[in-house]
Chemist: 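The structure under discussion is supplied below as structure tokens; questions concerning it will follow.
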There are 2 protein chains.
Amino acid sequence: MATSRTPRIDPLTLEVVELIGTVVTRYYDEYEQAAGKHTLTGAQARVLGLLSIEPMPMRRIAQKLKCEPSNVTGIVDRLEARGLVERRPDPADRRVKLAAPTELGARTARELRDGLDDFAREPLGELSRDERVALRDLLRRMLGAG
Amino acid sequence: MATSRTPRIDPLTLEVVELIGTVVTRYYDEYEQAAGKHTLTGAQARVLGLLSIEPMPMRRIAQKLKCEPSNVTGIVDRLEARGLVERRPDPADRRVKLAAPTELGARTARELRDGLDDFAREPLGELSRDERVALRDLLRRMLGAG
DNA sequence: TATTGTTATACTCTATAACTATA
DNA sequence: TATAGTTATAGAGTATAACAATA
């Protein structure tokens, strides 16, 4: 009997998917490595990065991380224990705790962000300015306007 | 005092880095989601995917995953407990155990791989064939010959 | 009643160190 | 003696369920 299978994707698309997979691995590894240089885990670095843009309630961090709110408690606990983050009361709603980076946390987040420049320099450094424009436009289209 | 700072990257490169970050997040989420549909963790899905290409010693799995060999024991244990993977002796070296997918494991890996096609269809589906060729060439150059 | 954050629990992944059986 | 795989241990992230304080 002929089983109804998902049509195989063409070789071109397959190669692009594989290339993207390589980029994903490389990006992820560099991120973890940059975090590790500050003795931070990936999750901690992500939360610190989020808060450095804008302080936010614990609940919202969980939404951003796509994880359960109960997990955020521990991650912020560890960041707070290291003096990188602090919990502030929300004047508007006393149930809410706003997590915000300390001075040290803000500095660490900045250094972490600079670490990502390594990624920008290395693989992206292979491309000329025109090529980067082309890549930007393709990625923009791919991810849909936004 | 003028602090010697890492030179800031230009806006264009920054945007490309951010776009790649978005792709990375999306790719990762889809991978975890595809794994979850088979009640597999990301690590388990990655190992199963590796072995479906080629059976290999435990040690080599650890190298591929960039983790300690001791971790692989547990991951393969769980895959084996579910009948997706089996450990075979290596005729050439009795210290070595070759991990290989079972029939069920091979089928699961295939379905998992098809799940990645979702990624190929969605964001990549936005691009025409010519655009995909352009993206492929840019990624190839970026990742260096490859 | 509903919501925010937390605690308690259990599972997985991770690294480190010590062990075993081979080589 | 060196290597492959394992075990033991501890820390971190994750989900689920139940709880206190507040809305």
Side-chain angles (χ1 to χ4, degrees), chain A residues 25 28-29 31-51 55-82 84-100, chain B residues 25 28-29 31-51 54-82 84-100 112:
Chain A
T25 302
Y28 229 81
D29 287 352
Y31 193 90
E32 296 285 323
Q33 194 181 320
K37 279 179 189 159
H38 295 271
T39 340
L40 291 170
T41 66
Q44 289 165 11
R46 268 185 292 278
V47 168
L48 190 55
L50 272 179
L51 300 183
M56 60 181 77
M58 308 293 284
R59 208 93 189 168
R60 188 124 159 273
I61 298 175
Q63 290 166 348
K64 291 279 190 181
L65 258 60
K66 290 195 229 286
C67 75
E68 293 301 314
S70 58
N71 301 327
V72 179
T73 299
I75 298 172
V76 169
D77 277 353
R78 279 159 224 130
L79 288 171
E80 197 167 34
R82 289 184 49 183
L84 297 169
V85 157
E86 61 183 12
R87 277 179 247 233
R88 302 177 189 157
D90 182 340
D93 187 337
R94 287 194 300 172
R95 291 173 303 179
V96 172
K97 289 176 192 171
L98 294 170
Chain B
T25 301
Y28 230 80
D29 287 351
Y31 193 89
E32 295 287 323
Q33 195 182 319
K37 279 180 189 159
H38 294 272
T39 339
L40 292 170
T41 66
Q44 287 165 10
R46 268 186 292 280
V47 169
L48 190 55
L50 273 179
L51 300 181
E54 178 193 20
M56 60 181 76
M58 307 293 283
R59 208 95 190 168
R60 187 124 161 274
I61 299 175
Q63 290 166 349
K64 291 280 191 181
L65 258 61
K66 291 197 227 288
C67 75
E68 294 300 315
S70 58
N71 302 326
V72 179
T73 299
I75 299 172
V76 170
D77 277 354
R78 280 159 223 129
L79 288 171
E80 195 167 34
R82 289 183 49 182
L84 297 169
V85 157
E86 63 183 10
R87 277 181 247 234
R88 301 176 189 157
D90 181 340
D93 186 337
R94 286 196 299 172
R95 292 173 304 180
V96 173
K97 290 176 190 170
L98 294 170
L112 215 47

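Below, all heavy atoms of this structure are taken into account, side chains as well, without hydrogens, waters or symmetry copies. All chains are named by letter (A, B, ...) in the order of the sequence lines, taking the proteins before the strands, and each is independently numbered beginning at 1. Just so we're clear, the structure is a prediction, and the values are computed from it rather than from any experiment.
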Chemist: My understanding is that only residues two or more places apart in sequence, or in another chain, count here; which of them pass salt bridge (charged side-chain N to carboxylate O under 4.0 Å, His left out) with B/R46?
Modeler: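 Result, salt bridge (charged side-chain N to carboxylate O under 4.0 Å, His left out) vs B/R46: none returned.
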
Chemist: In chain order, what residues pass the salt bridge (charged side-chain N to carboxylate O under 4.0 Å, His left out) check against B/D90, with sequence neighbours excluded?
Modeler: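 Salt bridge (charged side-chain N to carboxylate O under 4.0 Å, His left out) list for B/D90, sorted by chain: empty.
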
Chemist: Could you tell me whether the phosphate oxygens of D/dA21, OP1 or OP2, come under 4.0 Å of any side-chain nitrogen or oxygen in A/K97?
Modeler: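 So the side-chain polar atoms of A/K97 never come under 4.0 Å of the phosphate oxygens OP1 or OP2 of D/dA21.
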
Chemist: Can you tell me how far the CZ atom of B/R88 sits from the NZ atom of B/K97, to the nearest 0.5 Å?
Modeler: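 With rounding to 0.5 Å, CZ (B/R88) is 15.0 Å from NZ (B/K97).
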
Chemist: Kindly state each residue pair satisfying salt bridge (Lys or Arg N to Asp or Glu O under 4.0 Å) with at least one member in residues 69-79 of chain B, sequence neighbours excluded.
Modeler: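 Every salt bridge (Lys or Arg N to Asp or Glu O under 4.0 Å) pair that includes a residue of residues 69-79 of chain B, provided the two are not neighbours, is B/D77-B/R87.
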
Chemist: Between B/R87 and D/dA4, does any side-chain N or O lie under 4.0 Å from OP1 or OP2?
Modeler: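 Looking at the OP1 and OP2 atoms of D/dA4, neither is under 4.0 Å from any side-chain N or O of B/R87.
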
Chemist: Just list the side-chain donor-acceptor pairs under 3.5 Å for residues 35-44 of chain B, sequence neighbours left out, or say none.
Modeler:
| unit_1 | atom_1 | unit_2 | atom_2 | d |
| --- | --- | --- | --- | --- |
| B/T41 | OG1 | B/Q44 | N | 3.2 |
| B/Q44 | OE1 | B/T41 | N | 3.2 |

Chemist: Under the salt bridge (Lys or Arg N to Asp or Glu O under 4.0 Å) definition, can you give me all pairs with a residue in residues 64-74 of chain A, not counting sequence neighbours?
Modeler: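 Every pair satisfying salt bridge (Lys or Arg N to Asp or Glu O under 4.0 Å) with a residue in residues 64-74 of chain A: A/K66-B/D29.
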
Chemist: Can you name the residues that form a side-chain hydrogen bond (donor to acceptor under 3.5 Å, both in side chains) with B/R82, not counting sequence neighbours?
Modeler: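 B/R82 satisfies side-chain hydrogen bond (donor to acceptor under 3.5 Å, both in side chains) with no residue once adjacent residues are dropped.
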
Chemist: In whole angstrom, what separates B/I61's CD1 from D/dA4's P?
Modeler: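 Those two atoms, CD1 and P, are 13 Å apart.
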
Chemist: Return the polar atom pairs (N/O with N/O) between nucleotides 8-15 of chain C and the protein under 3.5 Å, or none.
Modeler:
| unit_1 | atom_1 | unit_2 | atom_2 | d |
| --- | --- | --- | --- | --- |
| C/dC13 | OP1 | B/T41 | OG1 | 2.4 |
| C/dC13 | OP2 | B/R78 | NH1 | 2.1 |
| C/dA15 | OP2 | B/E68 | N | 2.8 |
| C/dA15 | OP2 | B/N71 | ND2 | 2.6 |
| C/dA15 | N7 | B/N71 | OD1 | 2.8 |

Chemist: Between C1' on C/dT22 and CZ on B/R59, what's the gap in Å once rounded to a whole number?
Modeler: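 Atom-to-atom, B/R59 to C/dT22, this comes out as 13 Å.
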
Chemist: Rounded to whole angstroms, how far apart are CE on A/M58 and C1' on C/dT7?
Modeler: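 Those two atoms, CE and C1', are 13 Å apart.
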
Chemist: What residues, two or more places apart in sequence or in another chain, satisfy side-chain hydrogen bond (donor to acceptor under 3.5 Å, both in side chains) together with A/N71?
Modeler: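 Testing A/N71 for side-chain hydrogen bond (donor to acceptor under 3.5 Å, both in side chains), a comparison that skips the adjacent residues, returns none.
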
Chemist: Near DNA chain C, which residues from residues 89-96 of chain B have a heavy atom under 4.0 Å away?
Modeler: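 Under 4.0 Å from DNA chain C: B/D93, B/R94, B/R95.
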
